[in-house]
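Worksheet: the structure to be examined is printed underneath.
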Amino acid sequence: MTDLDAALGAAGLTGPTGLKERIAAELAAVRERSLAYTDADDDMLVRQHSLLMSPLVWDLAHVGNYEELWVLREVGGIEPLRPEIDHLYDAFKYPRKDRPSLPLLDPAEARKYISGVRGRVLDVLDRVDLTAPDPLRSGGYVFGLVLQHEHQHDETMLATLQLSRRPGLVRDGELPPGRPGADPEVHIPAGVFTMGTGGGTDTVAWAYDNERPAHRLYLPGYRIDRHPVTNGAYLEFVEDGGYRDPRWWLPQGWEWVERNGVEAPLFWTRDGDVWWRVRFGREEPVPPEEPVQHVSWYEADAYARWAGKRLPTEAEWEKACGGRTYPWGEADPGHHGRWANLGHRAARPAPAGAFPDGASPYGVEQLIGDVWEWTDSWFQPYPGYRCFPYEEYSKVFFGETHRVLRGGSWATHPSAVRTTFRNWDYPIRRQIFAGFRCARSEE
Ligand SMILES: [Fe+2]
């Protein structure tokens, strides 16, 4: 039993009825979050702030449409509310760059639509049998699906808000101080470990298909950084001419640097000897002790080569977590703040060493939260992968096009990350809250 289960048990929130109350509370919380990120004037919401991103109003209506498709139609058997808008919010129909020119719902219509969907979703929740053998109903899987989906879009909205460079829309908060010292690398001994999570929906109730099935894997011994690479460390690479030396870059990465004139992480600018960054519309000196973010996979890979190291594989990253749901154990990170920087408690990563209680059994810190961590691995299915419940979540992205990111960022909600969770993106992408840590093989 986890701390969360114990707390829920004490509050009478376990069992099928308790689970429903918990789901209802989580649904209310995620909607509050989505509405907070879209609490802006209409121009801000309908404008496209970057060709990489949808207008915020698209994300807002899309989460409601996804909820309608899966909970109302698929599980509830309810007739479509607005079938004529489905195509507009199908993430595969139109590329993001084309979405502003679509006849999207305006902000007021979007809010009305998603709240209409939500009302019916709560009715379905009320009458659905969460002990049914059907994998969408069992353990409330379909609600976990829409909850995580909305939180994932909330993180995307934060990335859009960062790209907009508009100040005053994203709140900041307090974080614990960093803690220097300790050996910068951790040794992980050779051996077999279990990667991924169980085949059933009951092991980690809301895990995605790409995290399954659990499988045993042998890894030789390796060393992995105790903390993500900090701005201070990354700055040494910049100052050492790292962006001007093709030795450190893969050919495609070097081509990307040259073509785009890249010379520092996204949102950084130099003023004399001082590096500044823009964070949610405000300029501030780059804090040296904070994990670097807004770097592409190519930058992470080049830094690692310059440092005489390499990026960890995703198996090495996951093994360093110690085989638990979270590096610190099974306790839900949402209920206490002492393990990880998740769920937008502040609008930035925490300094290195800020979460010693969140260390894995090996002593590796800040694996969960702070910054997504690029790994060396392509996004591929695990042996025995079975698509569920639809191909467009993971399956269509498998191959040698996307690199895997692990661990979630400061912007990731606790319900949308765990040690088995896999994210992926193109190796040139920098708008996500991504950094990295390095590894090296044992000599
Ligand atoms: Fe989506």
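Both counts, for ligands and for their atoms, begin at 1 and track the order of listing.
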### Message
Cation-pi check for Phe388 against Arg212: NZ or CZ below 6.0 Å from the six-membered ring centre and within 45 degrees of the axis, yes or no?
### Response
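Output no; distance or angle outside limits.
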### Arg403 to Trp378 six-membered ring, cation-pi geometry met (6.0 Å, 45°)
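Yes, Arg403 and Trp378 form such a contact.
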### Message
Below 30° counts as parallel, above 60° as perpendicular, anything between as tilted: where do the rings of Trp256 and Trp249 land?
### Response
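The arrangement is tilted - the two ring planes meet at 30° to 60°.
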### Message
Over 60° means perpendicular and under 30° means parallel, so tell me whether Phe397 and His402 are parallel, tilted or perpendicular.
### Response
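Rings of Phe397 and His402: perpendicular, as their planes differ by over 60°.
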#### Entry: Pair Asp126 + Lys20, salt bridge at N-O below 4.0 Å
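Judged by the 4.0 Å cut-off on N to carboxylate O distance, Asp126 and Lys20 do not form a salt bridge.
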### Message
Any carboxylate oxygen within less than 4.0 angstrom of a Lys/Arg side-chain nitrogen, looking at Arg348 and Glu284?
### Response
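Salt bridge flag = no for Glu284 with Arg348.
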### Task
Please list, in chain and residue-number order, the protein N/O/S atoms closer than 2.8 Å to the Fe ion (ligand 1).
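Under 2.8 Å from the Fe ion (ligand 1) - ignoring waters, which are not counted - the protein N, O or S atoms are His62 NE2, His149 NE2, His153 NE2.
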